[in-house]
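Everything numeric in this text was worked out from a predicted model, so none of it was measured. Keep in mind that the numbers below use all heavy atoms, side chains included, and drop hydrogens, waters and symmetry copies. All chains are named by letter (A, B, ...) in the order of the sequence lines, taking the proteins before the strands, and each is independently numbered beginning at 1.
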Protein chains: 2
Amino acid sequence: MSERLIQSIERAADVLEIFLTTNSELSVKEISEKVNLSKSTVHGIIKTLEHRGYLQQNPDDLKYRLGIKLFELGNFVGKHLDIRSIARPIIKDLVNELNETVHLVLLNRNEIIYIEKEDGPRTLTMYSHIGKRAPVHCTGVGKAILAHLSDQEVDRLLSIQNLLSFTEFTMTDKEEIKNHLKSIRECGYAVDDEEIELGLKCIAAPIFNHQGNVIASISCAAPKIRLDEERLPKVIAGIRKAALEISKALGYKGVMQR
Amino acid sequence: MSERLIQSIERAADVLEIFLTTNSELSVKEISEKVNLSKSTVHGIIKTLEHRGYLQQNPDDLKYRLGIKLFELGNFVGKHLDIRSIARPIIKDLVNELNETVHLVLLNRNEIIYIEKEDGPRTLTMYSHIGKRAPVHCTGVGKAILAHLSDQEVDRLLSIQNLLSFTEFTMTDKEEIKNHLKSIRECGYAVDDEEIELGLKCIAAPIFNHQGNVIASISCAAPKIRLDEERLPKVIAGIRKAALEISKALGYKGVMQR
DNA sequence: CATTGCGTTCGATATTGTCGAACACCATTC
DNA sequence: GAATGGTGTTCGACAATATCGAACGCAATG
């Protein structure tokens, strides 16, 4: 683990990633304060990143924002995420069937990242966007993945940072979560019942690769009222079927339990 | 222009951008050959980029590919490109009306970059994808933008690199192109008639911002046979109308000429 | 069991990124 | 219109640190 990392590159990454948490343009001074480097140092970093198209300067106020090169690289990555192109048509069919928003996520580090999203026709939809991150312990998609990882792996992921609480229903006790994962593993789907946002309910199922490892998951997200006793079984069946379909398209050899 | 750029960051950018031209995973050795740096140096750069999620290593063959962080950053940029969200519904309507693929592009450096694409229902569509780049001098979208830039700017853009020829119809003489731009400016739309790919025809129109400067363009791209004398006027009118609509949504105060 | 071809580690060296200070520029203020 | 405060930007000296080559570990190959 004693890797020799190149500081300038790390600093450049720091600068770029600050923009992910700010939502607006930033001045040299603002950036230098946020990364704790001198103005002149930050200026050098910024000018280099700008020169390569990773940042761009607004000529009006001289502030900076993320550049088109990142858009170019990001879309290239998206294009080569083959699970995405495999899943997209299946997700579209599912949205048509359920009339609700469906998400596809990957596990990345200790969080999940949305890589595909198809909104349902209803106006009341969840706030989410492709590329966004969310915690694993309080999302259906996160729990669906956790439930099929090894105990050590789950332990590791849940220990990287404190388990934040978002609503009164968020589980923050590691043992409680691990027990809960068992039942998810048994029934084949995960439910997030207002654990990250009040009023929001999600039904999620895991996606496996050709080696039988979970690598992703999909979920249906909707206001709790819309997922009533009548519709719930339909949604669960639909999500599970779609997840299995995507898994099989990825070369998964298993079958649906029960 | 005598800026002091930080070499390590440039080198890291070199490494990342190599992947845009390769379409596959690369080994340390392959990368080090392509960037002309020693294996150990490249190894350091790669490990740093991997540590930050800009690259990821395939555990099977130890080769590297672009990482999820770039996907995250790229989608963030895409989300904040407001012209994109403004244009998307207008483009969708246009595709429904014309039944052909429509592209939205920005000028970036001396190339255009596709930032939105909506395929038509036909099976024979153009190969393009969001984030891709193309030259300005032989695309409808490129010429539509050039036609509304200043003479000096056009000169500068056309001089950055040699004007490559793709088909027998590609214009590579700067004076010829500049004359051609005049007629585009007069009629309000640009045509690419097999100038980048045999059989491909595009009709493009410029998009202006609130200051009246061209900042983007949209085009309809289709096999030449499908844009016959009967359909052409419809397509031209549709593209021009949509371009003006987007411009107005961006605060443009002008009107359509003639 | 040599051999080849990788990825990776390590230490010495000189390159080069960093900081503080100074400068340029544009507001606003008096 | 001089003075002020807040920017972004430039510059030189110094010390930090990225670089290279050599060596190592580990497969696969013959």
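- The distance from atom CG of A/L37 to atom P of D/dT17 is 11 Å, rounded to the nearest whole Å.
- In this entry the distance linking CG of B/L26 with P of C/dC6 reads 14 Å, nearest Å.
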Identify each atom pair where a protein N or O and an N or O of nucleotides 12-17 of chain C are less than 3.5 Å apart, giving names and distance.
| from | atom 1 | to | atom 2 | distance (Å) |
| --- | --- | --- | --- | --- |
| C/dT16 | OP1 | B/Q7 | OE1 | 3.0 |
| C/dG17 | OP1 | B/Q7 | N | 3.2 |
| C/dG17 | OP2 | B/Q7 | N | 3.2 |

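- Partners of B/K69 by side-chain hydrogen bond (donor to acceptor under 3.5 Å, both in side chains), not counting sequence neighbours: none found.
- A/H43 has no side-chain polar atom (N or O) that falls below the 4.0 Å cut-off from OP1 or OP2 of D/dG8.
- Here A/F208 and A/H148 bring their ring centres to under 6.0 angstrom of each other.
- Using a 4.0 Å heavy-atom distance criterion, A/Q57 is classed as a sugar-phosphate-only contact.
- Counting to the nearest Å, the P atom of D/dT17 and the CD atom of A/E10 are 12 Å from each other.
- Side-chain contact annotation: A/Q7 with A/R11, donor-acceptor N/O pair under 3.5 Å present.
- Between B/S40 and A/I46, the one whose closest nucleotide on DNA chain D sits nearer the 5' end is A/I46.
- Checked against salt bridge (charged side-chain N to carboxylate O under 4.0 Å, His left out), A/R133 has the following partners two or more places apart in sequence or in another chain: A/E111, B/E72.
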Produce the list of close N/O pairs, under 3.5 Å, pairing protein atoms with atoms of nucleotides 23-25 of chain C; give distances to one decimal.
none

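- For the pair A/K39 NZ and D/dT10 C1', the computed distance is 11 Å after rounding to whole Å.
- Here B/E33 pairs with B/K29 in a salt bridge; the nearest charged N to carboxylate O distance falls below 4.0 Å.
- One interatomic measurement links the two molecules: CG of A/N58 to C1' of D/dG8, which rounds to 14 Å at whole-angstrom precision.
- Partners of B/R52 by salt bridge (charged side-chain N to carboxylate O under 4.0 Å, His left out), not counting sequence neighbours, listed by chain and number: A/E10, A/D14, A/E17.
- For A/S27, a side-chain nitrogen or oxygen approaches OP1 or OP2 of D/dG8 to under 4.0 Å.
- If you measure from atom CG of B/L62 to atom P of D/dA27, you get 10 Å, rounded to the nearest angstrom.
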What donor-acceptor contacts under 3.5 angstrom involve side-chain atoms of residues 212-219 of chain A, with partners at least two apart or in another chain?
| from | atom 1 | to | atom 2 | distance (Å) |
| --- | --- | --- | --- | --- |
| A/S217 | OG | A/V141 | O | 3.0 |

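- Remark: P of D/dT9 and NZ of A/K63 are 13 Å apart, rounded to the nearest angstrom.
- Other residues, nucleotides and ligands contribute only 12 or fewer heavy atoms inside 6.0 Å of the NZ atom of A/K34.
- At whole-Å resolution of the value, CG in B/L49 and P in D/dA18 are 13 Å apart.
- A side-chain N or O of A/K143 and one of A/H180 form a donor-acceptor pair less than 3.5 Å apart.
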